[in-house]
Amino acid sequence: MTGNDVERAEGLSRARALLMGVAAAVLTINIVVQYGHPVYASADVRGASWLVVVGLWLFMLWNGGGLRLRGRMRALLNDELSLRNRARALSLGFYFAVGAALVLYVVQWSTPVSAGDALKIVSGGAVAAALACYAWLEWR
């Protein structure tokens with residue numbers, strides 16, 4: 001392991017944190033923009049794109065990114081602190097999902113919320129919260 005490897009891993013870690021932070025913002029914007037428009041929850045390409053986007057970001061969060069990295073660089077990038085940060089972020093995403101589901105349950109008592117919108121808020125919001133948390137923990 002050289003000093004250059006450590007510097008490169010640090011740079012990749014920062015880039016990963018920035019990318020995940022941007023992804024959290026984009027997911028949140030998509031939830032807001034698509035809310036109340038049934039076409040975004042329909043059984044076509046638009047509806048399926050949500051599955052792909054959320055699934056890919058969830059996979060990237062679970063995996064830690066850097067799919068092409070091997071050996072020492074992967075070990076440097078996914079060190080003990082990074083793994084702990086990812087576990088904390090996934091935990092926050094879980095609690096966000098449960099909290100959002102409970103809030104939506106109460107909201108629908110007075111305001112109709114479509115199932116597609118509610119599921120997007122819960123799934124996208126949970127992934128966005130986890131991505132934002134991971135980005136913040138890795139950045140500081």
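Taking all atoms of both residues into account, the shortest heavy-atom contact from Leu131 to Met20 is CB-O, 3.6 Å. In this structure, Ala89 and Cys133 approach most closely via the heavy-atom pair CA-SG, 3.8 Å. When every heavy atom of Arg16 is checked against every heavy atom of Glu138, the shortest pair comes out as NH2-OE1, 3.2 Å. Looking at every heavy atom in both residues, Ala24 comes nearest to Ala128 through CB-O, 3.3 Å. Minimum interatomic distance between Ala126 and Gly93 (heavy atoms only, all atoms of both residues): CB-O, 3.3 Å.
Atom CG in Leu12 sits 11.5 Å away from atom CG in Leu19 (nearest 0.5 Å). The line from OH of Tyr134 to CE of Met60 is 10.0 Å long, rounded to the nearest 0.5 Å.
Under a hydrophobic-cluster definition in which Ile, Leu, Val, Met, Phe, Trp and Tyr are linked whenever side-chain heavy atoms come within less than 4.5 Å, directly or via other members, Leu58 and Val122 are assigned to the same cluster. Under the 4.5 Å side-chain heavy-atom criterion for grouping Ile, Leu, Val, Met, Phe, Trp and Tyr, Leu119 is not connected to Leu56 through any hydrophobic cluster.
The side-chain heavy atoms of Trp50 and Leu27, taken from C-beta on, include a pair separated by under 4.5 Å. Looking at heavy atoms from C-beta onward, Leu90 lies in side-chain contact with Leu61 at the 4.5 angstrom threshold.
A distance-only check finds no donor-acceptor pair linking the side chain of Lys120 to the backbone of Gln34 [under 3.5 Å]. A distance-only check finds no donor-acceptor pair linking the side chain of Ser91 to the backbone of Ala87 [under 3.5 Å].
Remark: Ile121 pairs with Ile31, Tyr35, Leu104 by the side-chain contact (heavy atoms from CB on, under 4.5 Å) rule, at least two apart or across chains. The salt bridge (Lys or Arg N to Asp or Glu O under 4.0 Å) test applied to Arg14 returns Glu10, not counting sequence neighbours.
Aromatic ring pairs are classed by plane angle as parallel below 30°, tilted from 30° to 60° and perpendicular above 60°; the pair Phe59 and Trp62 is tilted.
In the hydrophobic clustering (ILVMFWY side chains linked at under 4.5 Å, chained through shared members), Phe94 is joined by Tyr95, Val98, Leu102.
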